[in-house]
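Scroll down for the structure; my scribbles are underneath it.
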Amino acid sequence: MGKGTRYIWTLDRVQNLKSLWKPGHCYLRMEEDTDFRIRFSSLCFVTDHVGFHGTIKSSPSDFVVIEIDEQGQLVNKASDEPICKVNKLLPEPDTLAKKPKLELQNLSFEEKSSQEVSTLAGCSDDDQNYEPGSEKEDTIKDGTSTCEEEDIDVLGSLLGEKTDELLNQFACDVKEKWNSKTELIGSSPEFSLGRILDKNQRAVLHSAVRQKFPFLITVGKNSEIVVKPNLEYKELCHLVSEEEAFDFFKYLDAKKENSKFTFKPDRNKDHRKAVHHFVNKKFGNLVETKSFPGPNYSADNPNVVITVRFREKTHKHRKRSLDCQERKDIYTAFTLRKENLEMFEAVGFLAIKLGVIPSDFSYAGLKDKKAITYQAMVVRKVTPERLKNIEKEIEKKRMSVFNIRSVDDSLRLGQLKGNHFDIVIRNLRNQINDSANLRERILEAIENVKSKGFVNYYGPQRFGMGRKVHTDQIGLALLKREMESGSSFAGHFCIRVSRIRGYLSARVVSEGLPGNRGPTSELAPVIVGRNLWFLGHSAWCGFPQGGIQAHRRVKAVRLFLTPEDLDDPVNRAKKYFLQTEDAKGTLSLMPDFKVRERALLESLHRFGMTEEGCVRAWFSFPHSMRIFYVHAYSSNIWNESVSYRLATYGSRVVEGDLVCLDEDVDDERLPNSRVHLVTEEEESANTYTIHQVVLPVLGYNIQYPKNKVGQWYQEVLSRDGLQTCRFKIPSLKLNVPGCYRKLLKHPCNLSYQLREERNADVKIEGSHIDEATLSLLISFDLDASCYATVCLREIMKHDV
């Protein structure tokens with residue numbers, strides 16, 4: 001064991017040590033822990049150029065990040081326009097930070113909505129029981145004729161007479177085949193409406209076609225709209241009448257607020273179960289179903305109706321905005337510029353100056369620390385005038401606010417189109433042993449990634465830059481805390497082995513378990529292959545009955561406050577806390593700028609280092625911060641899954657892969673109905689490309705690939721003890737539905753410029769520039785939740 005190496009000791013199933021097994025003993029295996037640089041050096045590349053070396057983030061001004069709002073505007077530009085109203089947006093599911101390129105609006109055709117595609121999407125954090133008569137009832141039949149006339153007008157005006165006639169003929173052909181019980185032979189028939197370059201026109205066409213022909217679906221492919229039979233419509237027709245199916249799909253597509261749909265009365269309980277199952281399986285993210293007594297219900301006439309309504313959370317933000325005039329809360333939107341400042345530290349400082357709490361701030365996404373960043377924010381209970389009054393005070397913290405105005409509601413994570421980056425890479429030089437022209441290498445690398453894209457990994461900043469504890473480890477601890485709720489000791493604890501003054505010591509640390517630690521001699525060492533094992537009786541550690549369960553519950557807090565091997569005020573405070581669990585004393589040592597740490601410590605001081613105290617401590621963080629840690633775990637598993645997928649199958653699309661069927665829909669907002677499982681025939685025909693392949697980000701509402709990658713997911717969940725995890729943490733009010741993420745992404749609007757910088761003191765080995773060093777100024781746009789550092793890694797072919 002080398003000097004300075006950290007090791008983690010974990011319980012193993014001991015399948016290969018049966019001959020050594022003794023009842024009542026624990027068997028532990030030693031594994032080396034790795035930091036984030038080792039973790040990210042094993043990630044894959046998708047391009048094959050040589051690349052080059054360089055330095056990024058030499059200073060914050062070398063890395064400028066500007067948020068792009070949902071209208072495609074840079075938020076650093078002065079604007080008097082009100083912020084995008086949340087009441088016109090379909091709120092996101094509670095998952096990893098998402099990037100809605102599209103607005104799923106609830107507007108009529110007359111309003112010419114700017115939505116990109118009509119798609120069934122959305123999740124609910126918690127189901128609300130439906131009470132009959134609790135909502136104002138809107139029937140779908142009201143205004144139907146008007147809508148159909150609008151459909152005809154829209155289709156006729158945008159498609160032209162000939163295409164409109166062909167569309168009607170295609171629809172008739174599909175219905176005739178279904179009515180004649182004739183099965184569609186081969187792949188599903190398609191009809192192309194052609195390429196529609198205008199995004200607004202595409203949005204209107206998507207909705208118009210689906211409203212006029214609910215038995216058809218529309219799919220976007222590179223600005224082209226393709227019409228196909230709606231197989232879910234056909235499936236529902238096997239359960240209910242065609243009239244009901246027709247009206248039901250019109251109801252879904254209309255997404256009319258406070259509306260509900262009621263199927264015809266049904267006496268057959270098994271049949272009603274089948275209808276419930278179908279609707280919840282296909283559209284459970286969007287709607288919920290409930291049975292109610294029908295007209296003239298009696299024991300002799302057990303008529304029961306199934307009522308469908310949109311889930312409460314789906315319209316929560318819109319309802320709040322409608323009632324905003326009746327509330328006392330006010331909302332002020334602004335653009336925040338910060339330099340070399342962590343976002344949570346910036347929010348904490350603003351909260352103190354404005355007399356509110358951090359959870360009163362909302363934002364669309366997290367931004368880098370070592371950079372100059374611009375992002376949209378909304379603060380609750382603060383007037384625009386009050387915010388303007390602190391402008392000079394916050395300049396001392398390298399912050400400024402502008403575009404200050406009143407709005408109706410808060411922002412949500414993912415409420416942005418993407419980010420624009422202006423980056424300077426300095427000290428450019430060739431890779432080791434590469435003698436090619438440096439300028440040619442740079443040009444080759446940029447053009448290669450511009451055309452082929454990059455592997456869409458989550459960047460290292462997602463997991464924290466510490467060497468001991470990463471955010472995904474905290475997320476796993478939170479998930480396992482729920483898994484182990486109510487369970488007893490399962491013979492599972494960790495021991496850290498370290499070199500101290502020339503000898504090895506072992507102590508229980510990773511799980512935060514107390515007890516009477518005996519000397520290391522109590523553990524008998526056993527060497528098996530390359531693994532060093534220790535055998536020790538569980539009673540030696542002095543665990544009380546059920547003690548593991550309780551202390552598992554505080555592990556996430558301990559991980560959060562685990563210090564790095566640095567001698568600075570922050571880490572000295574963290575070391576003091578782990579040694580003493582004295583929250584008050586630690587607060588006196590913790591610097592004021594560590595907002596998160598201080599908020600958590602203040603809660604622990606108030607409520608104690610108990611299970612309940614730790615739960616309350618997590619609630620000192622806003623919801624977006626609590627969910628961030630669970631998202632980090634899911635993100636890390638996604639990174640590993642992509643590497644496994646590319647190593648196993650390369651760029652081929654194989655049977656069992658998952659592909660995105662609708663390119664006009666943001667992949668991380670794809671409902672399960674728009675994710676397709678590749679068949680053997682489609683693999684042989686090369687129907688799909690690697691750019692359409694998606695992998696699931698862990699959650700309770702995703703499907704897995706049906707090949708080796710799907711098996712890999714199950715093995716990883718088993719490895720981490722999450723085989724039966726529901727990805728819901730009720731005690732922290734965290735639900736993680738999951739989503740889908742494309743393997744590959746492309747930078748957009750990419751431009752670059754090479755610049756020579758004269759510096760006689762700089763000597764660059766391997767460079768062919770004698771008296772100057774090269775710097776690269778590169779600009780590009782990325783979709784939300786894509787990482788510029790990951791894109792640069794693909795360009796430069798080394799970790800940045």
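No experiment lies behind these values; they were computed from the predicted model shown. Because only heavy atoms are used, hydrogens play no part in the values below, and waters and symmetry mates are left out as well, while side chains stay in.
Looking only at side-chain heavy atoms (C-beta outward), D422 and V65 stay at 4.5 Å or farther from each other. Counting heavy atoms from C-beta outward, I795 and I778 have side chains that approach closer than 4.5 Å. The closest side-chain heavy-atom distance from I729 to V630 is below 4.5 Å. At a threshold of 4.5 Å between non-hydrogen side-chain atoms, the residues Y740 and R674 do not count as touching. By the 4.5 Å heavy-atom criterion applied to side chains, L658 and L695 are not counted as neighbours. Two residues are said to be in side-chain contact when any heavy atoms from C-beta on lie closer than 4.5 Å; V675 and L661 fail this criterion. Looking at heavy atoms from C-beta onward, V455 lies out of side-chain contact with V790 at the 4.5 angstrom threshold. Considering only heavy atoms from C-beta on, Y787 stays 4.5 Å or farther from N419 through its side chain.
Every residue was checked against the side chain to side chain donor-acceptor pair (under 3.5 Å) condition with Y704, not counting sequence neighbours, and none meets it. Residues passing the salt bridge (charged side-chain N to carboxylate O under 4.0 Å, His left out) test with K369: none are found, sequence neighbours excluded.
Looking at I425, D62, N427 one by one, the single match for side chain to side chain contact (heavy atoms under 4.5 Å, CB included) with T55 turns out to be N427.
In this structure, L416 and I68 approach most closely via the heavy-atom pair CB-O, 3.5 Å. The heavy-atom pair separating V50 from Q431 by the smallest distance is O-NE2, 3.3 Å. Across all their heavy atoms, R426 and S58 have their closest contact at CD-OG, 3.9 Å. Scanning both residues, L478 and A556, for their nearest heavy atoms gives CD2-CB, 3.6 Å. P696 approaches W638 most closely through the heavy-atom pair O-CD1, 3.3 Å. Shown here for A346 and L341, the closest heavy-atom pair between the two residues is CB-CD2, 3.7 Å.
Note that CE of M343 is 4.5 Å distant from CG of L366, once rounded to the nearest 0.5 Å. To the nearest 0.5 Å, atom CD1 of residue I56 and atom NZ of residue K370 are 9.5 Å apart. Going from atom CG of D783 over to atom SG of C748 covers 6.0 Å, rounded to the nearest 0.5 Å. Atom CG of L744 sits about 11.5 Å away from atom NZ of K452, to the nearest 0.5 Å. The CD atom of Q473 sits 6.5 Å away from the CG atom of L559 when rounded to the nearest 0.5 Å. Rounding to the nearest 0.5 Å places OG1 of T789 at 12.0 Å from CZ of R462.
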Run the salt bridge (Lys or Arg N to Asp or Glu O under 4.0 Å) test on R596 and E345 for me, step by step, so that the C-alpha distance in whole Å, both residues' side-chain angles and the decisive distance to 0.1 Å come before the verdict. CA-CA 8 Å; R596 284 178 291 176; E345 181 183 345; over 6 Å; no
Decide side-chain contact (heavy atoms from CB on, under 4.5 Å) for S779 and H420; before the verdict, give the C-alpha distance in whole Å, the side-chain angles of both, and the deciding distance to 0.1 Å. CA-CA 7 Å; S779 298; H420 172 79; 4.0 Å; yes
Report the C-alpha distance between L732 and H623 in whole Å, list the side-chain angles of each, state the deciding distance to 0.1 Å, and finish with yes or no for side-chain contact (heavy atoms from CB on, under 4.5 Å). CA-CA 9 Å; L732 297 180; H623 178 270; over 6 Å; no
Please evaluate residues L777 and I423 with respect to the criterion side-chain contact (heavy atoms from CB on, under 4.5 Å), reporting the C-alpha separation (whole Å), side-chain torsions for both, the decisive distance (0.1 Å), and the verdict. CA-CA 6 Å; L777 287 70; I423 300 170; over 6 Å; no
Pair L776-I446, side-chain contact (heavy atoms from CB on, under 4.5 Å): steps then yes or no: CA-CA 11 Å; L776 173 65; I446 294 174; 4.0 Å; yes
Chi angles and distances behind the side-chain hydrogen bond (donor to acceptor under 3.5 Å, both in side chains) call for H676, E682: CA-CA 11 Å; H676 173 68; E682 289 168 336; 2.8 Å; yes
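Q375 places no side-chain N or O within donor-acceptor distance of the main-chain N or O of I66, the cut-off being under 3.5 Å. A side-chain donor-acceptor contact under 3.5 Å links R645 to the backbone of G650. Side chain of N280 to main chain of G284: no donor-acceptor pair is present (N/O by atom type, distance under 3.5 Å, no hydrogens or angles). Not a single donor-acceptor pair under 3.5 Å links the side chain of E447 to the backbone N or O of E444. Without hydrogens or angle criteria, N639 side chain to Y458 main chain gives a donor-acceptor distance under 3.5 Å. At distances below 3.5 Å, not a single donor-acceptor pair connects side-chain atoms of Q714 with backbone N or O atoms of Q711.
Using modelled atom types, one finds a donor on one side chain and an acceptor on the other under 3.5 Å when comparing D720 with Y633. A side-chain donor from one of N707 and D657 sits under 3.5 Å from a side-chain acceptor of the other. In this structure, a donor-acceptor pair under 3.5 Å is present between the side chains of Y363 and S624. Looking only at atom types and distance, the side chain of S641 has a donor-acceptor partner in the side chain of Y713 under 3.5 Å away. Checked by atom type, the side-chain pair T47/E794 shows a donor-acceptor distance below 3.5 Å.
Remark: K745 fails to qualify as a cation-pi partner of F454 under the 6.0 Å distance and 45° angle criteria applied to the six-membered ring. Cation-pi geometry between R741 and Y457 is not met at under 6.0 angstrom from the ring centre and within 45 degrees of the axis.
For F560 and F621, the ring centers sit closer than 6.0 Å to each other.
Under a 4.0 Å N-O distance rule, the pair R719/E640 qualifies as a salt bridge. A salt bridge links K367 to E67: one of the charged nitrogens lies within less than 4.0 Å of a carboxylate oxygen. Taking a cutoff of 4.0 Å between a charged side-chain nitrogen and a carboxylate oxygen, K417 and E70 do not qualify as a salt bridge. In this structure, E683 pairs ionically with R652, as a charged nitrogen and a carboxylate oxygen lie closer than 4.0 Å. By the 4.0 Å N-to-carboxylate-O rule, K57 lies close enough to D368 to be salt-bridged with it.
In this structure, Y644 and W712 have parallel ring planes: the angle between them is below the 30° cut-off, well short of the 60° mark. Note on ring orientation: taking the six-membered ring where Trp is involved, the planes of H798 and H53 are tilted (angle from 30° to 60°). Under the 30°/60° scheme for interplanar angles, the aromatic rings of F421 and F780 are found to be tilted.
Annotation for K706: atom NZ does not count as buried by contact number, only 12 or fewer foreign heavy atoms lying within 6.0 Å.
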